[in-house]
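Structure below; questions to follow.
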Amino acid sequence: MKTFEELGIATPLLRAIREMGYEVPMPVQEEVIPLLLGNDNDVIALAQTGTGKTAAYGLPILQKINQAQNDPQALVLCPTRELCLQIAGDLNDYSKYMDSLKVLPVYGGSSIESQIKTLRKGVHVVVATPGRLLDLMNRKTVDLSAIKSVILDEADEMLNMGFSDSLNAILAEVPPSRNMLLFSATMPQEIARITKQYMHDPQEIVIGNKNEGNENIRHIYYMVHARDKYLALKRLVDYYPNVYGIIFCRTRKETQEIADKLIQDGYNADSLHGELSQAQRDYVMQKFRVRNLQLLVATDVAARGLDVDDLTHIFHYGLPDEIESYTHRSGRTARAGKTGISIAICHIKEKGKLRNISKIIRKTFEQGVLPTGKAICEKQLFNLVDQIEKVEVNEKEIASLMPSVFRKLEWLEKEDIIKRLISLEFNRMIDYYRDADEIEVVRETAPTRENRQERGSDRHPRGKKAEDGYKRFSLNFGKADGLYPNQLMELINRCVPGKVQIGRIDLCDTHSFFEVEKSAAQRIMDLMNKYEVDGRAISVEPVQDGKGDRRGKGFNRREGDGGKPWRRNSPASQERPTHKKRKAFV
């Protein structure tokens, strides 16, 4: 194994990273740093979050900066504000002893005027989210003509969030002679397209295998009835008394409901989802980072860019539709060579999805057995005893108080004091599990015609059954039109006035499926079918459970609507969608 000196890192950078505790390079750093220190080397690096990516590209691009030239020479693009700030913070730490080097984070939600002012003073490295950078480019306030290095960090996440057009517009403005590094945890087709279009004979580095999960993560699943999922989650959280983790849910509604239940049951938890303001998001994330929260309940979209070390567990309160999402979720634990546990709480309909994930990430899922109430109480008790054993006693500070305490408790024997201490801490948990029913384990039966059909419905979105209380619809726009979950939710909200509860979303290339609460289903279908996007009529049709939509195999636009424009007398007409990508959406 080489040292950072042997990799060619300059003295000012070495001094800074040694103070930060960097001793030997991680595998991705050992592979990437020499390539980026060279000239005209384009690199594709497939590595999980937490493998040392920021230092792998940050150290060489900082070393190559000409500090006498006050123009942006390196550009780092990332999907979220949180990741943008974290990368900029790391680069500032690395360049601590490069006095005149300036790093600017550029992101939405902050004053664009202050960012423009800083750009005019001169910066060397720009770390940006695509949307805000494109805004600055359109205002002619950022010049990318001197860029020598471009890094796409978490490129697959940027594409999942619908930034494809923004990336194309940005990359078209940087010099063709620049170095380009693409970091991604997975390798979807859109990543391959970018590499062909913008990279020159790139060298590919794979830490592990493509789309493969972190080797240090243990993958466990628990198969329970849907009605028992929260009770199963509660038992698992109780069984790991020092848990510090994220619970991933599919929808904003489910996220808030689970967080509320945990808080009501006395857990140190909070929620993170799209309905929170930026100030609320920042507050929750800061509490979680400093461990004032033990459990964060989040949607995939809201948790993007959340970079927290030392997570012990990731809980999947239902498996995601995209396998890449499972990889990103799980990769938030077991970082920097540590170990972690990824727990999926599934019901029987998700068995096929579990099998597909296991196949793609090349990991075997262990079937877990839910702990009994007795086992949970024992685990919690020994954890308390361990804390009592290790607690630091400040003799000086408590000396004046102890005589009064001793007099108060002198009538109790040592055994009585211990029993009372345990009871004080555990009476509520002991009472709960004494009366709690054991959770029924779902038995995986031999294939029948019915569960073969269920497996088929898991494989194809058209055959999926709607969740309880929801109605499933098909939509004649899909991934080929640039439609992503956030664009679909925005489209529904613009077409339909008032609050709309949206359930599961499944995207295909030419069409999509989405679920809405039954009470509003007819109104949503009627309103959405009145509108069009870029001259193409929206067609929303009901789907019969497990049988596809009522039109059979076709997903053509509705006939007989005459290509209706957005009607002026409609509440939604005030803000018509202007998204564009290939055909319709960004």
Side-chain angles (χ1 to χ4, degrees), residues 217-250 254-271 288 291 293-298 311-320 326 329-330 332-334 339-351 353-354 357 365-387 422-444 467-468:
I217 299 174
R218 182 182 172 198
H219 299 268
I220 308 173
Y221 76 97
Y222 295 86
M223 195 73 71
V224 298
H225 292 292
R227 65 177 181 270
D228 292 330
K229 286 176 69 174
Y230 176 74
L231 296 177
L233 172 66
K234 194 174 183 309
R235 285 191 178 231
L236 292 169
V237 170
D238 285 342
Y239 190 68
Y240 297 103
N242 295 315
V243 62
Y244 177 48
I246 302 176
I247 301 166
F248 281 98
C249 297
R250 295 172 57 89
E254 185 179 63
T255 298
Q256 192 61 56
E257 287 176 350
I258 298 305
D260 289 344
K261 285 183 179 180
L262 288 170
I263 294 168
Q264 289 167 10
D265 286 340
Y267 295 95
N268 196 3
D270 210 337
S271 62
F288 188 58
R291 293 204 178 210
L293 292 177
Q294 205 172 7
L295 296 168
L296 182 67
V297 190
L311 292 180
T312 60
H313 292 75
I314 296 297
F315 297 92
H316 309 268
Y317 196 82
L319 295 170
Y326 181 88
R329 287 179 177 185
S330 302
R332 296 180 185 280
T333 186
T339 59
I341 300 175
S342 177
I343 294 177
I345 303 173
C346 311
H347 56 79
I348 195 66
K349 290 182 180 179
E350 293 180 298
K351 184 180 176 183
K353 191 182 292 185
L354 190 73
I357 292 173
F365 281 74
E366 307 170 33
Q367 181 166 16
V369 178
L370 285 172
T372 63
K374 181 180 178 182
I376 291 169
C377 291
E378 285 180 357
K379 191 84 173 283
Q380 290 277 356
L381 174 60
F382 288 122
N383 180 67
L384 175 63
V385 171
D386 190 49
Q387 290 181 37
I422 298 303
S423 297
L424 180 67
E425 184 73 21
F426 285 105
N427 272 354
R428 186 174 64 86
M429 182 171 290
I430 292 169
D431 290 344
Y432 172 81
Y433 282 110
R434 183 183 61 235
D435 300 329
D437 295 329
E438 293 303 321
I439 297 174
E440 182 182 354
V441 177
V442 176
R443 302 294 179 188
E444 300 181 21
E467 295 181 358
D468 291 343

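Side chains included, hydrogens not; waters and symmetry mates left out as well; all remaining heavy atoms used.
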| said: Less than 6.0 angstrom from the centroid, inside 45 degrees of the normal: does Lys234 satisfy that with respect to the ring of Tyr432? | reply: yes
| field | Sub-4.5 Å side-chain heavy-atom contact between Asn383 and Asn242 | value | yes
| Pairwise distance OG1(Thr372) to CZ(Arg235) - rounded to 0.5 angstrom | 7.5 Å
| note | Output for pair (Ile247 CD1, Ile258 CD1), nearest 0.5 Å, gives 8.0 Å
| said: I'd like to know if the side chain of Asp260 pairs up with that of Gln264 as donor and acceptor (distance under 3.5 Å, no hydrogens or angles considered). | reply: no
| field | Value rounded to 0.5 Å, distance of CD1 in Ile341 from CG in Leu236 | value | 10.0 Å
| message | Does Tyr239 have more than 12 heavy atoms from other residues, nucleotides or ligands lying within 6.0 Å of its OH? | response | no
| Between CG of Leu296 and CD of Gln294, what distance do you get to the nearest 0.5 Å? | 12.5 Å
| message | When you compare the side chains of Thr333 and His313, does any donor N or O come within less than 3.5 Å of an acceptor on the partner? | response | no
| Between the side chain of Glu350 and the main-chain N/O of Gly318, is any donor-acceptor distance below 3.5 Å? | no
| task | Describe, in one word, how the ring planes of His316 and Tyr326 are oriented to each other, choosing from parallel (under 30°), tilted (30 to 60°) and perpendicular (over 60°). | result | parallel
| said: Would you say that Phe288 contacts Leu311 through its side chain, given a criterion of any heavy-atom pair below 4.5 Å between the two side chains? | reply: yes
| task | Decide yes or no for Arg332 and Phe248: does some side-chain heavy atom of the first lie under 4.5 Å from some side-chain heavy atom of the second? | result | yes
| query | Would a distance-only check, ignoring hydrogens and angles, find a side-chain to backbone donor-acceptor pair under 3.5 Å from Tyr317 to Tyr230? | reply | yes
| Is Cys377 close to Met429 at the side-chain level, that is, under 4.5 Å between some pair of heavy atoms? | yes
| message | Looking at every non-hydrogen atom in both residues, tell me the closest pair between Glu254 and Cys249 and how far apart they are. | response | OE1-CB, 3.3 Å
| Val297 vs Phe315 side-chain heavy atoms within contact, under 4.5 Å | no
| message | What verdict does the side chain to side chain contact (heavy atoms under 4.5 Å, CB included) test give for Tyr240 and Thr312, after you've listed the backbone C-alpha separation in whole Å, the side-chain angles of each residue and the deciding distance to 0.1 Å? | response | CA-CA 9 Å; Tyr240 297 103; Thr312 60; over 6 Å; no
| task | First locate atom NZ of Lys229, then atom CD1 of Ile439, and finally report the distance between them rounded to the nearest 0.5 Å. | result | 12.5 Å
| field | Test log, rule side chain to side chain contact (heavy atoms under 4.5 Å, CB included), inputs Leu319 and Leu354 | value | CA-CA 8 Å; Leu319 295 170; Leu354 190 73; 3.8 Å; yes
| message | If you apply the rule side chain to side chain contact (heavy atoms under 4.5 Å, CB included), what do you find for Val224 with Leu370, and how did you get there? | response | CA-CA 10 Å; Val224 298; Leu370 285 172; 3.9 Å; yes
| query | Between Phe382 and Pro241, is any pair of side-chain heavy atoms under 4.5 Å apart? | reply | no
| field | salt bridge (Lys or Arg N to Asp or Glu O under 4.0 Å) pairs, two or more places apart, involving residues 366-380 | value | Arg218-Glu366
| said: Can you tell me how far apart CG (Leu295) and OG (Ser271) are? Round to the nearest 0.5 Å. | reply: 12.5 Å
| task | Taking atom types as modelled, find out whether Asp238 and Tyr267 have a side-chain donor-acceptor pair closer than 3.5 angstrom. | result | yes
| task | Using a 4.5 Å cut-off on heavy atoms from C-beta on, say whether the side chain of Ile314 contacts that of Ile217. | result | no
